[in-house]
Each structure stands twice: as C-alpha cells, then as structure tokens.
Amino acid sequence: IAAAYSGGGGFAASSDNTHSLTVGAAATTTAASNAAAAFSGNNQNVALSATVTSAGGAVNAGTVKFTVSQGGVTVGVPVTSAAVAAGGASATYVLPGGTAAGAFTITAAYSGGGGFAASSDNTHSLTVSTASTTTTASNAAAAFSGNNQNVALSATVTSAGGAVNA
C-alpha cells in the first residue's frame, strides 16, 4: 500500500509504502448429499455429489475428495471430482462387492482454489440396504404310510444382489 500526503497549510509532504494489504481466501461451506445402494456381491458404482457455497461468490475452482467410511475405517477407494463448477461437484464411487448393509459416513473435502478456502462435511450418509430375495419351494410327493417316513424338501433362494450363501 502506498499513501502520499501532498502537504499544505504549514505541513510538509510525506509518504509511506511499508504496509501491505492481505486478502485472505473466501470462506466456503461444503455439503455432501446422501446416497443409497442395495447390497451386492459385485462392485457397484454409486454417484456421490456435493455443493460448495461461499458468500464470496460462485465457486468454480478446486475439487472435492469423497471418502466413505464406517467407524473410522475407509471403505473402498476415495474418489476426487472434476473441477467444481457453479458450486457443484460429483464423482463415481465404487462400492466394493459384499459390503454389508448399514450406514456409512460420506466425507466430502473441498480442496480450495480460485480464492476460496478449503472446507469439508461429514454429516451425510451412504445407506446400503439389504438385497431383496425370492424363495421358490419345489413340489414334493410321498405315498401314504402308517409309519414315519422321510420326505425330501427343497427350496431355492435367489437375489439380484448375487449368490445367496447364508
């Protein structure tokens, strides 16, 4: 910063250029969106998204890293969005096959950039629901007997979530 006084009225001219103006990054707020998936024995893609807002204007720089965890343990591999555009960020997360049903924490961490400060959110969830099943019983026949007899019964349980082995 340069300040100069031209002098006048009995006062001499003076100047100062020893100070500076520091402009800090504008604060941001990051908010992830909740997501859902059904149990599957196979890996599956899950769309994750977040918004980054700032009183400093539209956020159009930086990226958002999405991490999914449960009990502090990371599940799968974290993914990073493309550049934030108009405050929006999204990425495709691969939910590992066989991930148990339950609630998982989504952490969305904005990197900062373009004059905007970093921020993060871990208040939203990825909910993995149980996979639906279909049970089909097979017909059976037995001849009448006055004594106890063994009759073989069977059923098949299937699911779009994968092989049912439990």
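If you read the sequence from its start, that first residue is 1, and numbering goes on from there.
Separation of atoms OG (Ser120) and OH (Tyr110) is listed at 13.0 Å; rounding is to 0.5 Å. Taking OH from Tyr93 and CG from Leu48, the interatomic distance works out to 8.0 Å, rounded to the nearest 0.5 Å. Remark: Asn34 CG to Ile106 CD1 distance equals 6.5 Å, nearest 0.5 Å. For the atom pair Thr105 OG1 and Asn122 CG, the distance stands at 6.5 Å (nearest 0.5 Å).
Here the closest heavy-atom approach between residue Ala27 and residue Ala117 is recorded as CA-CB, 4.3 Å. Shown here for Ser132 and Ser159, the closest heavy-atom pair between the two residues is O-OG, 2.8 Å. The minimum heavy-atom distance linking Thr63 with Ser81 is given by the pair CG2-O, 3.5 Å. When all heavy atoms are compared, the tightest approach of Ala26 to Gly56 is CB-CA, 4.2 Å. Residues Ala140 and Ala152 approach most closely at CB-O, 3.8 Å, considering heavy atoms. Minimum heavy-atom separation, Ala38 to Gln44: O-NE2, 2.7 Å.
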Show, in sequence, the C-alpha distance, side-chain angles and deciding distance for Val84 and Val64, and conclude whether the side-chain contact (heavy atoms from CB on, under 4.5 Å) test is met. CA-CA 7 Å; Val84 174; Val64 174; 4.0 Å; yes
Quick one: do Val68 and Val46 satisfy side-chain contact (heavy atoms from CB on, under 4.5 Å)? Show the steps, please. CA-CA 11 Å; Val68 175; Val46 178; over 6 Å; no
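If you check the side chains of Ser119 and Thr30, you find a donor sitting under 3.5 Å from an acceptor. Defined by atom type and a distance below 3.5 Å, a donor-acceptor pair is missing between the side-chain atoms of Thr67 and Thr107.
Looking at Asn45, its side chain never comes within 3.5 Å of a backbone N or O of Thr92 through a donor-acceptor pair. With hydrogens and angles ignored, the 3.5 Å screen pairs no side-chain donor or acceptor of Asn60 with any backbone N or O of Ala85. A donor-acceptor pair under 3.5 Å is absent between the side-chain atoms of Thr133 and the main chain of Thr158, judged by distance alone. Side chain of Asn43 to backbone of Gly97: a donor-acceptor contact under 3.5 angstrom is found. When atom types are taken as modelled, the side chain of Thr51 and the backbone of Gly88 share no donor-acceptor pair closer than 3.5 angstrom. A donor-acceptor pair under 3.5 Å is formed between the side chain of Gln70 and the backbone N or O of Ala103. Distance alone, capped at 3.5 Å, places no donor-acceptor pair between the Ser125 side chain and the Thr127 backbone.
The hydrophobic cluster containing Val23 does not contain Phe116, counting ILVMFWY residues as joined when their side-chain heavy atoms lie under 4.5 angstrom apart, directly or transitively.
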